[in-house]
Protein chains: 2
Amino acid sequence: MIDAIDRAILRRLQEDGRMTATALAGEVGLTVAPCHRRLKELESSGVIRGYSADVDPARVGLGFEALVFVTLRDRQNMKAFEAGVAGIGQVIEAQRLFGEPDFLLRVMAEDLPAYQRFYDDVLVGLPGGRKVD
Amino acid sequence: MIDAIDRAILRRLQEDGRMTATALAGEVGLTVAPCHRRLKELESSGVIRGYSADVDPARVGLGFEALVFVTLRDRQNMKAFEAGVAGIGQVIEAQRLFGEPDFLLRVMAEDLPAYQRFYDDVLVGLPGGRKVD
DNA sequence: CGTGAAAATAGGCCCAC
DNA sequence: GTGGGCCTATTTTCACG
């Protein structure tokens, strides 16, 4: 199914997702044709979900990143909170935990003041709870 | 410096990091040449740090992901702990926090039993502390 | 920034093992 | 099923207007 060569391909592709099949072939010790076949197979079978550019947040005006731990006042609101948070672009990641706290949010903002405004204006408007970090 | 078109390029490239300059040009409303010039500039100036393939962890035998909160017994060991954790391949991400807990680790393993072995054999060997989640 | 060309390269195909 | 080589279609990368 997935052998050592496939793993080499995946490893290399995680380091440089823009590699061409030709360059890949050389590095994993294959010629282009079989390498390209494997690559397509990995993509279509869902092992490779996609490719993305790694953008430096600080360079695009988002220099401040914060981790916010959220404990809900009322656990009935779990779903509502999850849905609300999904609609906020500044929330990069929302991890649902089991136990205290309930959620881990990764939030981006321009800077500390901007984060504070975001915190006051947006986060407290959700059916949420107390900040921890 | 970075205008609306650059942002469009970055947004699109985060969704699909393997787009060609040609395809990009059409989507952001430019022709190939200027689009390619911008792309190269974004890469060499460090706004784009790189590209990576998004591999489905479950498909390569790492179906279990855990967030581990670590509170050090002795904060003097902060640096040593950080260095130790950096050498463990299963630790995807180590986030240093300020306050309790001290660290947030993102750990991958094959499954729950494998994670438990990893926890017992590796994590407790570090100058660390108590698990929270 | 757009156009047009040239050069390089990648991707897909068919054949041999 | 895996590797090798060719041919075509794109892509990149220059000029220049």
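The chains referred to below are lettered A, B, ... by the order of the sequence lines, with proteins before strands, and numbering in each begins at 1. The model shown is predicted, which means the values in this text are computed figures rather than measured ones.
Sorted pairs that involve residues 112-121 of chain A and meet salt bridge (charged side-chain N to carboxylate O under 4.0 Å, His left out), not counting sequence neighbours, are lacking altogether. For residues 55-69 of chain B, every residue pair satisfying the side-chain hydrogen bond (donor to acceptor under 3.5 Å, both in side chains) rule, not counting sequence neighbours, is listed here: B:Glu65-B:Arg106.
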### Query
How does DNA chain C look in dot-bracket form if you count Watson-Crick and G-U pairs under 3.5 Å, write [ ] for pairs that cross, and put | where a base pairs with another strand?
.||||||||||||||||
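Closest approach of B:Asp102 and B:Leu72 over heavy atoms only: OD2-N, 2.9 Å. Minimum interatomic distance between A:Glu110 and A:Gly61 (heavy atoms only, all atoms of both residues): CG-O, 3.2 Å.
Contacts with DNA chain D (heavy atom under 4.0 Å) in residues 20-33 of chain B: B:Thr20, B:Ala21, B:Thr22, B:Val32, B:Ala33, listed by number. Within residues 36-49 of chain A, the residues approached by DNA chain D to less than 4.0 Å at the level of any non-hydrogen atom are A:Arg37, A:Arg38, in residue-number order.
Here the side chain of A:Asn77 pairs no donor or acceptor atom with the backbone of A:Ala80 at under 3.5 angstrom.
With sequence neighbours left out, the side-chain contact (heavy atoms from CB on, under 4.5 Å) criterion links B:Ala8 to B:Arg11, B:Val28. For the side-chain hydrogen bond (donor to acceptor under 3.5 Å, both in side chains) test, residues two or more places apart in sequence or in another chain that qualify with A:Arg12 are A:Glu15, A:Glu27. Remark: B:Phe118 engages no residue in a ring-ring contact (aromatic ring centres under 6.0 Å, His included) (not counting sequence neighbours). Residues meeting the salt bridge (Lys or Arg N to Asp or Glu O under 4.0 Å) test with B:Asp54, sequence neighbours left out: A:Arg49. Scanning for side-chain hydrogen bond (donor to acceptor under 3.5 Å, both in side chains) contacts around B:Glu43 gives B:Tyr51, with sequence neighbours left out. Residues passing the side-chain contact (heavy atoms from CB on, under 4.5 Å) test with A:Leu112, sequence neighbours excluded: A:Phe64, A:Tyr115, A:Gln116.
From the 5' end on, the contacts that DNA chain C makes with chain B at under 4.0 Å to a non-hydrogen atom open and close at C:dC1 to C:dT3.
Between B:Phe103 and B:Phe69, the ring center distance fails the sub-6.0 Å criterion.
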